[in-house]
Asker: 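Sharing a structure here in structure tokens format.
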Amino acid sequence: MTFVMGGLDVRDKLIVLVGGGDVTARSAERFLTEGAVLRIIAPRLTGAAAELLHVTDRERMSWVPRPFRDTDVDDAWLVHTATGVSDVDTAVDTACRSRRIWCIDAADALRGTARLSAEARHDDLVVGTLSTGSPDPRRSASVRSAVQKLFERGLLPDRKIRNRQECSDEQHTGSVTLIGGGPGPGDLMTLRGYRALTQADVIVHDRLGPTDVLGDLGRHVEVIDVGKSPGNHPVSQQRINDILVGRARRGLRVARLKGGDPFVLGRGGEEAQACNAAGVPVEVIPGVSSVVAAPQVAGIPVTHRGTADSVHVVNGHRHPRPSTLAALHDDGTTVVVLMGTSTLPDFVAASLDAGVPSKRPVTIVENAHRPGQRCLNTTLGYVTELATSQSVKNPAVIVVGEAARPGLLTGQDDTDDTIVQGYLGPLAKGVSA
Ligand code: SAH
């Protein structure tokens with residue numbers, strides 16, 4: 001269905017346009033797009049109107065080359081007047097009123113009985129902008145473009161609600177979108193990710209993603225918390241895969257909201273495999289990974305010209321492999337350890353045993369971009385002691401390497417003996433403890 005102006009369906013309906021100027025031409029173009037049949041009443045046409053008439057099928061648009069008569073509107077569903085002559089426009093309006101036909105007066109909206117709205121469109125939705133005051137087309141157009149942008153960025157709650165939740169037809173395949181939610185706050189997720197959330201029927205989320213955005217979504221959305229915390233795995237990965245595939249097979253759009261990036265130590269690969277194996281369409285939207293977002297909080301660039309030109313990301317849960325020990329040895333590599341707080345003593349002992357210098361700078365960033373954010377600077381030799389005395393907890397990222405040396409960016413290297421012995425902030429300027 002095509003609709004204009006507050007929901008009128010003008011497809012194949014006659015619209016009479018009185019006047020042959022550029023305003024008529026612009027409105028005519030719009031009515032043609034909506035599928036209307038147009039008749040222009042005007043002694044003369046301007047270039048734009050004549051050109052439009054020339055390129056349009058005769059059944060869609062005709063021209064009666066003479067002045068307006070009352071009876072011209074007899075068979076119209078809608079009339080548009082833009083003659084440039086106030087008396088004529090008034091006569092058109094009067095003729096329409098006596099026949100109960102809606103009339104748009106392009107020169108004086110207060111005189112007519114209908115107005116053209118500036119429309120933003122998305123999917124099958126149309127949002128019209130109208131003013132009840134005197135016409136200001138540029139103002140309406142600027143509101144229209146703002147609404148259009150909100151649509152495109154997914155900032156409007158335009159998710160389909162009817163007929164989707166009830167859909168249990170096995171034939172109708174839904175989809176799964178793995179969304180990288182970033183390190184915590186909603187404004188660190190991507191617009192594409194947020195948009196996918198607003199479209200979802202079901203949201204399956206973790207503990208570390210941006211859960212604050214869930215409150216914005218409609219109450220028809222099913223929200224499933226499968227959050228794991230260390231030592232507490234309430235929902236197994238197999239069960240999560242089953243939830244994703246099962247809901248999608250019921251025709252639902254499933255958003256799998258994950259912390260950071262789905263494909264960085266997030267088991268997103270396994271979820272994608274499960275969807276592929278089940279024939280469920282799966283899409284992945286990247287996210288800001290804590291691999292970079294957490295060091296950044298402490299003022300650590302994971303690469304820095306002249307200091308570090310490679311990054312080694314490792315799951316700290318496992319005993320360090322030779323490649324990790326080599327990276328720790330290398331002055332030019334920044335090692336970023338995720339999921340490493342509980343196993344930190346073993347990780348450090350293995351590193352020191354392998355001959356990694358005990359003075360290698362280490363920074364722990366706990367709760368990056370989240371309440372309770374804290375950065376601790378120290379060295380490999382003292383990090384275990386510091387982490388214990390400061391009760392470091394997950395989620396935390398451990399950064400090892402020259403890029404973690406305090407003052408790298410500020411030039412104020414406040415390294416002194418206390419740091420070497422294990423020192424607690426104020427390390428990166430502006431970081432709240
Ligand atoms: N896919 C995620 C990582 C998941 S593994 C990403 O790309 O960020 C979980 C680990 O990520 C945590 O144990 C912790 O090491 C790290 N992490 C996630 N969010 C964090 C945050 N806000 N602050 C510090 N570390 C975080």
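As the structure lists them, so they are numbered: ligands from 1, and atoms in each ligand from 1.
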Asker: Give every pair formed by an N or O atom of ligand 1 and a protein N or O atom closer than 3.5 Å, one pair per line with both atom names and the distance to 0.1 Å, or write none.
Answerer:
| residue | atom | partner | partner atom | Å |
| --- | --- | --- | --- | --- |
| ligand 1 | 1 (N) | Gly259 | O | 3.1 |
| ligand 1 | 1 (N) | Asp261 | O | 2.9 |
| ligand 1 | 1 (N) | Val264 | O | 2.7 |
| ligand 1 | 7 (O) | Asp261 | N | 2.9 |
| ligand 1 | 7 (O) | Ser289 | OG | 2.8 |
| ligand 1 | 8 (O) | Ser290 | N | 2.8 |
| ligand 1 | 8 (O) | Ser290 | OG | 2.7 |
| ligand 1 | 13 (O) | Met339 | N | 3.3 |
| ligand 1 | 13 (O) | Asn394 | OD1 | 2.9 |
| ligand 1 | 15 (O) | Met339 | N | 2.9 |
| ligand 1 | 15 (O) | Ala396 | O | 2.7 |
| ligand 1 | 17 (N) | Ser290 | OG | 3.3 |
| ligand 1 | 22 (N) | Pro183 | O | 3.1 |
| ligand 1 | 22 (N) | Ala368 | O | 2.9 |
| ligand 1 | 23 (N) | Ala368 | N | 2.9 |

Asker: For Glu366, check side chain to side chain donor-acceptor pair (under 3.5 Å) against everything at least two apart and list the hits.
Answerer: Arg374

Asker: Do Thr24 and His80 pair up side chain to side chain, a donor and an acceptor below 3.5 Å, judged on atom types alone?
Answerer: no

Asker: On a heavy-atom basis, which atom in Thr211 and which in Asp206 lie closest, and how many Å separate them?
Answerer: CG2-O, 3.9 Å

Asker: Count the heavy atoms belonging to other residues, nucleotides or ligands that lie under 6.0 Å from CZ of Arg192, then report whether that count exceeds 12.
Answerer: no

Asker: With sequence neighbours left out, which residue pairs that include part of residues 119-153 fulfil the ring pair (Phe, Tyr, Trp, His ring centres under 6.0 Å) condition?
Answerer: His122-Phe151

Asker: Considering only distance and modelled atom types, tabulate donor-acceptor pairs under 3.5 Å from the side chains of residues 341-356, sequence neighbours left out.
Answerer:
| residue | atom | partner | partner atom | Å |
| --- | --- | --- | --- | --- |
| Thr341 | OG1 | Asn394 | ND2 | 3.3 |
| Thr343 | OG1 | Gly316 | O | 2.6 |
| Ser351 | OG | Phe347 | O | 2.7 |

